[in-house]
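We name chains A, B, ... by the order of the sequence lines, and we start the count at 1 in each one. Since the model is a prediction, treat every value here as computed from it, not as a measurement.
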Number of protein chains: 2
Amino acid sequence: MPDSTPGARPTLEAVAARAGVSRATVSRVVNGGAGVRQPLVDKVRRAVEELGYVPNHAARTLVTRRNGAVAVIIAEPEFRVFSDPFFEQQVRGISRELTAHDSQLVLLWVEGPGDYERVARYLAGGHVDGALAFSVHNDDELPSVIHRTQVPTVFGGRPGWPGAHGELAVPYVDADNRGGAREAVRYLVSLGRRRIAHIAGPRDQTSATDRLDGYRDVLLDADPELVAHGDFTEESGARAMAGLLERRPDVDAVFAGNDLMASGALRVLRERGLRVPRDVALVGFDDMASVAGTTDPPLTTVRQDIEGMGRLMVRLLMRTLNQDEPGAGAPGSVITPTELVRRASA
Amino acid sequence: MPDSTPGARPTLEAVAARAGVSRATVSRVVNGGAGVRQPLVDKVRRAVEELGYVPNHAARTLVTRRNGAVAVIIAEPEFRVFSDPFFEQQVRGISRELTAHDSQLVLLWVEGPGDYERVARYLAGGHVDGALAFSVHNDDELPSVIHRTQVPTVFGGRPGWPGAHGELAVPYVDADNRGGAREAVRYLVSLGRRRIAHIAGPRDQTSATDRLDGYRDVLLDADPELVAHGDFTEESGARAMAGLLERRPDVDAVFAGNDLMASGALRVLRERGLRVPRDVALVGFDDMASVAGTTDPPLTTVRQDIEGMGRLMVRLLMRTLNQDEPGAGAPGSVITPTELVRRASA
DNA sequence: TTGAAAGCGCTAACAC
DNA sequence: GTGTTAGCGCTTTCAA
């Protein structure tokens, strides 16, 4: 069992004494054991085991300047960010990949502008090696706050704030929203649909505008009346659908900006006695299992690998951290592919 | 602007030089400034400002043995723990209170038994001052793993594992499940109901068994047929209700172990043409806004202050940490009161 | 290959 | 009040 003086953790020194070697040797063994002869390695390992030695993190950080920790900054301007399944999947991916890199996840929960200073102080304090943040609304101050701290940061979602291409450019991971949207719309076209509407998300989120752009890429001459706007909620999708039906009762297909709005649209379509996909074909975006799989009919939708995006954010950050020393070029952003999943709604 | 040698953060030393004082004085000022004459304080403050000095956390931790960080251990044996609204509220409370105590939240996400070793290593490494964990199933290994690390820990929910009263006793925060249940059942009795059923949660979770105990406290001679078991999901509530109706079609009230099961029960009651509350009065537990407020009719239920429980967990932990030095008695657990919220279902 | 020794940046006695 | 000094526990040259 561990320790003779409970409360006092054994130090390197103690292990060295027990193993009859120097602190330096113990340190080498603890850090992989390269360049130490086998018998000594064994001896040290045994001492570590017997004493229940665990390296002191602060001491190590002090000299290596590595924290083994990454901040995940969650800004919550909206509401239930945390319980958002999208978010959960992304954080899960982040958590898993961080674990694989022996790093810890420090959660920085920002509830309002007043929290920015706290976050800035924390980042500047060198508690973490880097940060992961999410691109929310374009007028958010967070990016510039983070930028000032000089802490390497990777964003989730393509940033759309002013200067995102210039001095405030940051590496990010995003799905190919525009390409995915194009594929969805092309598919509806291939089905023979001709009056294809789009229910777009908020104008200040790139995930929404990119999808709208993809829609327009394919339907260059689309009637502006065929585009409605929602805010990614089920309710807004229903409202948008109702408006669409009023303006263009002849609509024969709808590409919704996400699954939630698609499910709202579906509800309205059925209320009006329109059959899906017979009368109106419907395609969503996200492939959120809790939505797309449970509607009636199940949604045809564009899948993005959300957990994978979380993992990629971590990998990108780690690459940034490791190349900091060898003055290499900035590690570009990455766009992950999407995939059209055909179910019954189109 | 901060710094002449970008990349190299200014140290205490640099501030001292600039202000023309010793490191000790700077340290005093940075830590509150007690016992330093005003003019010097001002001079130091100015130097700190000019240099953009931020204390190095690792160096500070190394000597104070305080991390300013607390681990939140989320075990996920079930499934969507993270997106559970109950959980979100509790973590929100924790996050807020931690911020108030100038502490950070380090998220330890346990996905399976294989992760225990990692968690143990992390805790033993002295990365955090304490930990917060949640009491899940009684056969979980987590408590003993945590116990071995000797890291002060507060649990959310009354632990029910073997030894929870003995060597594995831990401070915890929980709602008064038993008292809340009693109040709910007494209320149904006061309404004149005589055949009051209970849909209980899992037998290996104390929140469920405590509520069942509360039910039995009031209905000492209740027919065992009036008790059904579910697993806290909507679906299981529906199943339990169906079974109940089959055994005792004369049931005139149901106290469900949580709102989700109540909503499942409500669905079945309506399908069978039974009116709520006229034919069967229904009471839930939790007062989960997304459930209790949206059913038709809205649920009468027992409210617990979930966010408050999260905050209390932190306060309890902080008290433990601060009393570590003055050998005071262990800081007991705390039970928070519940409140019956009357809506339309009973 | 191994050991000795010099710090990493800070706090906390202890002197002055 | 303020400064001097001795570490906190570890990694990392540099010598041997």
Task: Which nucleotide in C/dA4, D/dC10, C/dG9 has an atom nearest any side-chain atom of B/Val63 - done: C/dG9
TODO: Rounded to the nearest angstrom, tell me the gap between atom CG in A/Leu12 and atom P in C/dG3.
DONE: 13 Å
TODO: Return yes if some donor-acceptor pair links the side-chain N/O of B/Asn67 with the main-chain N/O of B/His127 below 3.5 Å, else return no.
DONE: yes
TODO: Please name the pair of heavy atoms, one in A/Ser333 and one in A/Pro171, separated by the smallest distance, quoted to 0.1 Å.
DONE: OG-CA, 3.4 Å
TODO: Using a 4.5 Å cut-off on heavy atoms from C-beta on, say whether the side chain of A/Arg9 contacts that of A/Val54.
DONE: no
TODO: Using atom CG of B/Asn67 as one end and atom P of C/dT11 as the other, report the distance to the nearest whole Å.
DONE: 14 Å
TODO: Could you please name the option among D/dT12, C/dC10, D/dG9 that lies closest to any side-chain atom of A/Ala59?
DONE: D/dG9
- [ ] Flag yes if more than 12 heavy atoms outside B/Glu117 fall under 6.0 Å of its CD atom; otherwise flag no.
- [x] no
Task: Carboxylate-amine/guanidinium proximity below 4.0 Å for A/Arg45 and A/Glu49 - done: no
- [ ] Figure out the CZ/P separation between B/Arg9 and C/dC10, and round it to whole Å.
- [x] 11 Å
Open item on the list: Is it the case that the side chain of B/Thr25 and the backbone of B/Val21 share a donor-acceptor pair, with hydrogens and angles ignored and the cut-off at 3.5 Å?
Closed with: no
- [ ] Check the distance between C/dC10's P and B/Arg65's CZ and give it to me in whole angstrom.
- [x] 18 Å
Task: Atom pair distance, as rounded to whole Å: OH in A/Tyr53 and C1' in D/dG9 - done: 7 Å
Open item on the list: Distance check needed: C/dC8 P versus B/Glu13 CD, whole Å only.
Closed with: 9 Å
Open item on the list: Checking contacts here: which listed nucleotide (D/dT5, C/dG9, C/dA4) is nearest the side-chain heavy atoms of A/Leu62?
Closed with: C/dG9
Task: Heavy-atom side-chain contact between B/Leu142 and B/Tyr116 under 4.5 Å - done: yes
Open item on the list: Just the rounded figure in Å: distance from C1' of C/dC10 to CZ of B/Arg66.
Closed with: 17 Å
TODO: Please state whether the phosphate of D/dG3, meaning OP1 or OP2, lies under 4.0 angstrom from any side-chain nitrogen or oxygen of B/Ser22.
DONE: yes
Task: Of residues 25-41 of chain A, the positions that come close to DNA chain D - non-hydrogen atoms, cut-off under 4.0 Å - done: A/Ser27, A/Arg28, A/Asn31
TODO: Consider the side chain of B/Arg60, meaning its heavy atoms from C-beta on, and name the nucleotide among C/dC10, D/dC8, C/dC8 that approaches it most closely.
DONE: C/dC10
Task: B/Asn56 CG to D/dC8 P, straight-line distance once rounded to whole Å - done: 18 Å
